[in-house]
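Before any comments, here is the structure.
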Amino acid sequence: MKRKNRFSSHNLIMALMLLVIANAVMGLILLYQSKTAMQTQVEQRMLDIANTAADMLNGDEMEKLTKGDVNTPAYQEGLRMLSYFRDNIELEYIYAINPMPDGTFTFSIDPAIDDPGEFGSPVVTTPALQTASTGIPAVDKSPYEDEWGTFYSAYSPVFDSEGNVGIIVAVDFDADWFQAQVSH
């Protein structure tokens, strides 16, 4: 009888240990799925902002802008549109980028109030920016750093009337903000 109780206790302890392990594994799986879903939602929000801003710009007019066009109606309209997003949506920066023939990227319109990127100055190239230059909106999968801080960015192409990428709208989100959103 004593042997039977010991065998039953042993089986009960093993079954409890298996349940604890199974619960821990399920908890880790659910945590991973939750984090992945949150990251997808944050990235989609970022893309929605970039896509909406890009849809409001005229690609034919934007791709022709030069440094000397600051006072032209086309430049001022682009600046007004991007400033609206800057002032009304939670983001760090929003700006337009020129894709250059040599595969690099430069600032076009930057409505930043303090220390805007100068027209024609280089922009940090990320894989998501390169993807956007091919006509596909994209979000950075890892943060990058420039002179303004560390960011995750969303990029959306602005097409001209021939269907070519005229410029790209970039929306920067602070890396700490992004990581805090994903970890909630």
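Just the heavy atoms: all of them, side chains too, but no hydrogens, waters or symmetry mates, feed the values below. As the structure is a computational prediction, the values presented were derived from the model and not from experiment.
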Open item on the list: Apply side chain to side chain contact (heavy atoms under 4.5 Å, CB included) to residues Glu61 and Thr72 and explain how you reach the verdict.
Closed with: CA-CA 11 Å; Glu61 291 179 0; Thr72 64; over 6 Å; no
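Minimum interatomic distance between Tyr155 and Ala132 (heavy atoms only, all atoms of both residues): CB-CB, 3.5 Å. Scanning all heavy atoms of the two residues, the minimum distance from Leu47 to Pro137 falls at CD2-CB, 3.7 Å. Scanning both residues, Ile97 and Leu129, for their nearest heavy atoms gives CD1-CD1, 3.9 Å. Residue Glu90 comes nearest to Trp177 through the heavy atom pair OE2-NE1, 2.9 Å, listed as atom of the first residue, atom of the second, then distance. The two residues Leu57 and Met62 come nearest to each other via the heavy atoms CB-CG, 4.1 Å. Scanning all heavy atoms of the two residues, the minimum distance from Val139 to Ala154 falls at CG2-CB, 4.0 Å.
To the nearest 0.5 angstrom, Phe159 atom CZ is 12.0 Å from Glu63 atom CD. Atom CD of residue Gln130 and atom OG1 of residue Thr104 lie 10.5 Å apart, to the nearest 0.5 angstrom. Distance check: Ser156 OG to Ile167 CD1 gives 10.0 Å after rounding to the nearest 0.5 Å. In this structure, CD1 in Ile49 is found 8.0 Å from CZ in Phe85, a value given to the nearest 0.5 Å. Within the model, atoms CG of Leu28 and CG of Asn23 stand 11.0 Å from one another, a figure rounded to the nearest 0.5 Å. Remark: Ser108 OG to Lys64 NZ distance equals 14.0 Å, nearest 0.5 Å.
Each of Met46, Glu92, Gln181 was checked for a side chain to side chain contact (heavy atoms under 4.5 Å, CB included) with Phe173, and the lone residue meeting it is Met46. Remark: of the listed residues Thr126, Asp172, Thr150, Asp172 is the sole one forming a side-chain hydrogen bond (donor to acceptor under 3.5 Å, both in side chains) with Tyr144.
In this structure, the side chains of Pro143 and Phe178 stay at 4.5 Å or more apart for every pair of heavy atoms. Contact annotation: the side chain of Thr66 approaches that of Asp69 to within less than 4.5 Å [non-hydrogen atoms, C-beta and beyond].
Put simply, the side chain of Ser83 gets close to the backbone of Leu79: a donor and an acceptor are under 3.5 Å apart. In terms of modelled atom types and a separation under 3.5 Å, the side chain of Asp110 and the main chain of Gly117 share a donor-acceptor contact. Under the 3.5 Å distance criterion, the side-chain polar atoms of Asn164 are left unmatched by any main-chain donor or acceptor of Asp160. Asn98 places no side-chain N or O within donor-acceptor distance of the main-chain N or O of Thr106, the cut-off being under 3.5 Å. For Asn58 (side chain) and Asp60 (main-chain N/O), a donor-acceptor pair under 3.5 Å exists by modelled atom type.
Ring planes of Tyr75 and Phe119: tilted class, angle from 30 to 60°. Relative orientation of the Phe107 and Tyr95 rings is tilted, given thresholds of 30° and 60° on the angle between their planes.
Under the 4.5 Å side-chain heavy-atom criterion for Ile, Leu, Val, Met, Phe, Trp and Tyr, Leu82 and Tyr93 are members of distinct hydrophobic clusters. Residues Phe151 and Val123 fall within the same hydrophobic cluster, defined by Ile, Leu, Val, Met, Phe, Trp and Tyr side chains chained together at heavy-atom separations under 4.5 Å. Using a 4.5 Å cut-off between side-chain heavy atoms of Ile, Leu, Val, Met, Phe, Trp and Tyr, with links allowed through other members, Ile89 and Met56 fall into the same hydrophobic cluster. Tyr152 and Val171 fall within a single hydrophobic cluster, where Ile, Leu, Val, Met, Phe, Trp and Tyr side chains are chained together by heavy-atom contacts under 4.5 Å. In the hydrophobic clustering of ILVMFWY residues, with side-chain heavy atoms under 4.5 Å counting as a link, Val158 and Ile94 come out together.
Summarising the local packing, CG of Asp102 is surrounded by more than 12 heavy atoms from other residues, nucleotides or ligands at distances under 6.0 Å.
A donor-acceptor pair shorter than 3.5 Å cannot be found between the side chains of Ser8 and Asn11.
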